[in-house]
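Data first, discussion second: the structure below is written as structure tokens.
Predicted model only: the values in this text are computed from it and were never measured. When a residue number appears, it is its place in the shown sequence, counting from 1.
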Amino acid sequence: MKKVGDPPVALPKIRKEYNDTDRKAVEKNFRAKKILVCGIGPDEYNRISACQSAKEILEALQTVHEGITQVKQSKIDMLTTKYELFRIKDYESIQDMHTRFTSIINELHSLGKIIPRNKLVRKILSVLPSSWESKVNVITEAKDL
């Protein structure tokens, strides 16, 4: 950008006016855009195809996936409630239950809410079916959570 007039107004430079710093900035922006575009799928591409800079792409993706602060906090609250109310479903395998639990925890982690490992272990132990009671007792008595 260059400043022209009084009061100064920022206008884009034409290529002939670029100096070495401008060329390096354009090259870095191109590389960053290329990395971002290559790392997303076709649905995501449609969201960012009109963006002119890597910064615009990153902001658009952050808004879509994290949302603004209120949306992010709402997602955290919803996932925290899911975590607190988490129970094993009837006829659900331990592996399926663990996958569901891990999905909730990973989403919370991606939004910046980290639950300590010992709380996660206690939560899993508390939701196991009664057939696992003897194993749960041994684990909790070990006090190595």
Side-chain angles (χ1 to χ4, degrees), residues 1-133 135-136 139-140 142 144-145:
M1 300 294 275
K2 63 181 177 178
K3 295 187 181 190
V4 177
D6 188 35
V9 178
L11 295 175
K13 291 182 180 179
I14 59 173
R15 284 187 187 241
K16 290 179 184 177
E17 298 173 328
Y18 283 3
N19 58 27
D20 286 341
T21 307
D22 295 330
R23 285 186 196 91
K24 286 180 183 178
V26 168
E27 186 177 331
K28 284 181 181 179
N29 183 58
F30 176 77
R31 285 183 184 165
K33 280 177 61 174
K34 187 175 181 180
I35 290 169
L36 289 167
V37 169
C38 289
I40 60 173
D43 294 334
E44 297 292 328
Y45 181 78
N46 291 333
R47 290 187 180 126
I48 56 100
S49 60
C51 296
Q52 296 297 313
S53 69
K55 183 179 180 186
E56 287 178 34
I57 293 172
L58 190 57
E59 288 172 351
L61 291 172
Q62 283 177 328
T63 301
V64 168
H65 291 284
E66 286 183 6
I68 57 176
T69 306
Q70 296 97 343
V71 173
K72 185 176 177 180
Q73 189 57 49
S74 294
K75 286 180 182 179
I76 290 172
D77 293 343
M78 180 196 67
L79 288 165
T80 301
T81 302
K82 265 183 158 178
Y83 165 78
E84 290 168 353
L85 299 175
F86 186 83
R87 298 285 177 259
I88 190 167
K89 296 178 180 177
D90 293 337
Y91 307 107
E92 183 177 36
S93 71
I94 298 297
Q95 186 171 355
D96 291 342
M97 181 263 311
H98 184 264
T99 301
R100 221 169 25 93
F101 184 76
T102 303
S103 176
I104 294 169
I105 299 309
N106 287 344
E107 284 185 67
L108 280 168
H109 186 76
S110 72
L111 292 169
K113 170 99 172 161
I114 299 169
I115 301 171
R117 183 174 290 281
N118 63 341
K119 285 189 176 186
L120 298 175
V121 172
R122 289 182 199 279
K123 183 66 175 176
I124 287 285
L125 292 175
S126 71
V127 300
L128 288 172
S130 58
S131 61
W132 284 69
E133 187 175 347
K135 294 174 184 109
V136 170
I139 293 170
T140 53
D144 267 342
L145 301 177

When rounded to the nearest 0.5 angstrom, what distance separates [atom1] in [X] from [atom2] in [Y]?
| X | Y | atom1 | atom2 | value |
| --- | --- | --- | --- | --- |
| Lys82 | Phe101 | NZ | CZ | 13.0 Å |
| Leu111 | Gln73 | CG | CD | 9.5 Å |
| Ile40 | Ile35 | CD1 | CD1 | 13.0 Å |
| Leu58 | Leu61 | CG | CG | 7.0 Å |
| Leu120 | Ile105 | CG | CD1 | 4.5 Å |
| Arg100 | Ile104 | CZ | CD1 | 6.5 Å |

Any donor-acceptor N/O pair, Asn29 side chain to Ala54 backbone, under 3.5 Å: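 Present.
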Would the distance check show the side chain of Ser103 and the main-chain N or O of Thr99 forming a donor-acceptor pair, the cut-off being under 3.5 Å?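 No, Ser103 side chain to Thr99 backbone: no donor-acceptor pair under 3.5 Å.
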Contact between Ile115 and Lys123 at the side-chain level, heavy atoms closer than 4.5 Å - yes or no?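 They are not in side-chain contact.
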Side-chain touch Leu128/Ile88, heavy atoms, less than 4.5 angstrom: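 Side chain of Leu128 against side chain of Ile88, heavy atoms only: no contact under 4.5 Å found.
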Applying side-chain contact (heavy atoms from CB on, under 4.5 Å) to Arg47 and Asp43, what does each step give before you reach the verdict? CA-CA 7 Å; Arg47 290 187 180 126; Asp43 294 334; 5.5 Å; no
So Tyr83 and Met78, side-chain contact (heavy atoms from CB on, under 4.5 Å) or not? Walk me through it. CA-CA 9 Å; Tyr83 165 78; Met78 180 196 67; over 6 Å; no
State which residues pass salt bridge (Lys or Arg N to Asp or Glu O under 4.0 Å) with Glu27; sequence neighbours excluded, sorted by chain then number.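 Only Arg31 meet the salt bridge (Lys or Arg N to Asp or Glu O under 4.0 Å) criterion with Glu27.
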Could you pull out all residues at least two apart from Thr81 that satisfy side-chain hydrogen bond (donor to acceptor under 3.5 Å, both in side chains)?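 Not a single residue meets the side-chain hydrogen bond (donor to acceptor under 3.5 Å, both in side chains) criterion with Thr81.
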Ile124 and Met97: CA distance, side-chain angles, deciding distance, side-chain contact (heavy atoms from CB on, under 4.5 Å) verdict: CA-CA 9 Å; Ile124 287 285; Met97 181 263 311; 4.0 Å; yes
Of all residues at least two apart in sequence or in a different chain, which pass the ring-ring contact (aromatic ring centres under 6.0 Å, His included) check with Tyr18?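 Here no residue qualifies.
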Is a side-chain donor-acceptor pair under 3.5 Å present for Ser93 with Asp96?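 Present: a donor and an acceptor within the cut-off.
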Considering the options Glu107, His109, Lys113, which one meets the side-chain contact (heavy atoms from CB on, under 4.5 Å) requirement together with Leu79?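 Single side-chain contact (heavy atoms from CB on, under 4.5 Å) partner of Leu79 among Glu107, His109, Lys113: Glu107.
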The test is side-chain contact (heavy atoms from CB on, under 4.5 Å); show your working for Val37 and Lys34 and say whether it passes. CA-CA 5 Å; Val37 169; Lys34 187 175 181 180; 6.0 Å; no
